2 protein chains.
Amino acid sequence: MTAPAIIDRPQRRDAAENREIILSAAAAVLSINPDASVDDIAAAASLSRRAVYGHFSGRDAIVEQTLTRGASRIATSVASVEHEDALVELALLGATLWAEVNHARALANFALRGPHRRQVAAALAPLRSRLEETIARGVRDNDIRSDIAPKTLARLIEGGALAVLDEATRARMSLQRGHRLVILSALSTAGMSWRGAEKLIDTHPILHVSMGAK
Amino acid sequence: MTAPAIIDRPQRRDAAENREIILSAAAAVLSINPDASVDDIAAAASLSRRAVYGHFSGRDAIVEQTLTRGASRIATSVASVEHEDALVELALLGATLWAEVNHARALANFALRGPHRRQVAAALAPLRSRLEETIARGVRDNDIRSDIAPKTLARLIEGGALAVLDEATRARMSLQRGHRLVILSALSTAGMSWRGAEKLIDTHPILHVSMGAK
DNA sequence: TATAACTTGCACATTGCTGTGCAAGTTATA
DNA sequence: TATAACTTGCACAGCAATGTGCAAGTTATA
């Protein structure tokens with residue numbers, strides 16, 4: 001016999017894939033039911049519960065990873081949004097959220113209740129501060145309502161957007177329709193009349209279907 | 001000895017009171033955390049867990065009663081709302097919801113997830129159909145936006161209102177401020193410009209502080 | 001193709017919550 | 001004030017979910 005050398009092989013490719021699959025499944029399942037069990041997640045990932053524990057130390061770790069992941073995806077998208085017109089920028093922020101519906105909803109489900117509140121709040125901080133910034137600018141430019149404090153207004157726009165995301169999911173809305181609806185919701189809450197909002201969208205090609213970045 | 005007559009005394013007054021206290025506590029606790037345990041509810045009611053089981057057959061019964069109760073309170077309030085101007089009526093519906101914040105939020109927490117979905121949906125049906133009605137009338141009168149289907153719009157207004165309720169609770173907003181904010185949110189989502197919404201409120205005393213009914 | 005990486009299924013201990021029984025108190029009220 | 005109504009605390013069984021160990025498979029890859 002040759003030497004019984006202890007060889008360390010690298011992680012197998014399919015294992016790494018499965019890890020991703022689990023996180024995707026978690027995002028999908030948790031966005032519907034934030035109390036979903038490890039078994040539920042495993043089933044959605046077409047893996048055994050036991051295998052899941054091979055990838056994550058426990059349910060909390062899965063939730064944590066899912067949230068961190070969703071938050072950073074959104075943060076990244078949000079960072080690249082910019083426009084001279086605060087209203088257009090606001091609309092683009094809404095569109096960004098729409099592009100990440102599943103992640104956004106998973107986050108939203110944990111934003112209020114449960115022991116992950118703080119973590120989620122921290123993870124969403126970039127989006128929120130960005131939103132407040134844009135709103136403050138819009139108020140200065142007289143484009144956005146001044147009868148509600150920017151901080152409060154930011155929360156209301158955020159809440160309204162999530163309501164749209166829920167309704168869009170529930171009604172299996174088309175991508176185009178959902179895209180436009182999130183934008184309309186944000187602009188309306190920001191103070192625009194509906195005709196004004198429609199017009200703004202129509203006159204800015206960047207707000208149409210494909211949105212700016214990939 | 002006299003006859004060992006088996007006497008049936010009526011329920012004691014404090015017991016009936018305790019039942020009410022439990023339901024109030026449940027509404028408060030469940031509006032914050034829909035997964036609250038029987039122990040949490042008992043603690044909020046300043047009673048032992050065991051005593052709670054003396055009043056209700058189980059957690060489900062408590063939840064069920066709480067929801068039914070909240071729904072009927074809201075349904076009653078909603079039924080008395082009426083105004084020739086659809087926009088004003090919409091605003092009044094919002095104010096009604098505000099007057100029942102705790103119950104409304106408790107309901108909302110169960111409207112989406114869990115096995116009580118159907119029950120809650122059924123209980124909220126009157127409010128929703130009323131909302132859709134009012135919206136449809138507003139659209140006919142050219143007072144409400146026509147770019148979003150009335151059914152969808154109803155859901156968005158509902159969602160927006162709940163977002164306000166959440167934010168108002170979180171920020172410990174004053175009654176007046178919350179009242180006005182819910183109305184503003186509804187009118188904005190309905191398509192009004194913010195100046196238009198402010199003006200509408202100011203020109204209709206019925207939309208001010210004390211709202212119509214008690 | 002040999003082998004380590006990975007998955008699976010099962011068993012098992014643990015935890016937290018539900019719901020019930022009972023004995024010993026406390027409190028409203030006939 | 002006697003007594004039934006009510007509350008309390010404790011013990012206990014049941015259940016669902018978590019997290020771990022292990023033996024026997026399957027699959028990627030060196």
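Everything numeric here is computed off the predicted structure, so don't read it as measured data. Chain letters run A, B, ... following the sequence lines, proteins first and then strands; every chain starts at 1. All values below come from the heavy atoms of this structure, side chains included, with hydrogens, waters and symmetry mates left out.
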When you measure only distances, ignoring hydrogens and angles, does the side chain of A:Arg12 come within 3.5 Å of the base of D:dA28 through a donor and an acceptor? no
Contact list for DNA chain C against residues 47-57 of chain A - heavy-atom distance below 4.0 Å: A:Leu47, A:Ser48, A:Arg50, A:Ala51, A:His55
Do B:Arg9 and D:dT3 share a donor-acceptor pair, side chain to base, under 3.5 Å? yes
So, does A:Arg13 get its side chain near the phosphate of D:dT29, meaning an N or O under 4.0 Å from OP1 or OP2? yes
Give the rounded distance in Å between these two atoms: CG of B:Asp14 and C1' of D:dT8. 14 Å
Rounded to whole angstroms, how far apart are CZ on B:Arg59 and P on C:dT20? 15 Å
B:Asn18 side-chain N/O to D:dC6 phosphate OP1/OP2 under 4.0 Å: no
Shortest side-chain distance from A:Ala15, nucleotide among C:dC6, D:dG19, C:dT18: C:dC6
Between A:Ser37 and A:Asp40: side-chain donor-acceptor atoms closer than 3.5 Å: yes
Distance, rounded to the nearest Å, where B:Asp35 contributes CG and D:dA16 contributes C1': 14 Å
For B:Val81, is there any backbone N or O sitting under 3.5 Å from a side-chain donor or acceptor partner on B:Arg130? yes
Taking atom CD of A:Glu17 as the centre, report whether more than 12 heavy atoms of other residues, nucleotides or ligands fall under 6.0 Å from it. yes
Exceeds 12 heavy-atom contacts within 6.0 angstrom, atom CD of B:Glu82: no
Spacing between B:Asp39 atom CG and D:dT7 atom C1', to the nearest angstrom: 15 Å
Result for 5'-nearest mapping on DNA chain C, choosing between B:Pro10 and B:Gly58, is B:Gly58
Is there a side-chain contact between A:Met173 and B:Thr152 in this structure, where contact means two heavy atoms from C-beta onward sitting under 4.5 Å apart? yes
Listing for DNA chain C: consecutive Watson-Crick or G-U pair runs of at least 3, distance cutoff 3.5 Å, ranges ordered by first number, gives C:1-30 with D:1-30
Show your reasoning for whether side-chain contact (heavy atoms from CB on, under 4.5 Å) applies to A:His179 and A:Val209. CA-CA 7 Å; A:His179 176 84; A:Val209 275; 5.9 Å; no
Quick one: B:Asp60 CG to C:dC17 P, roughly how many Å, whole number? 16 Å
For the pair made of CD in A:Glu17 and C1' in C:dT7, what is the distance, rounded to whole Å? 14 Å
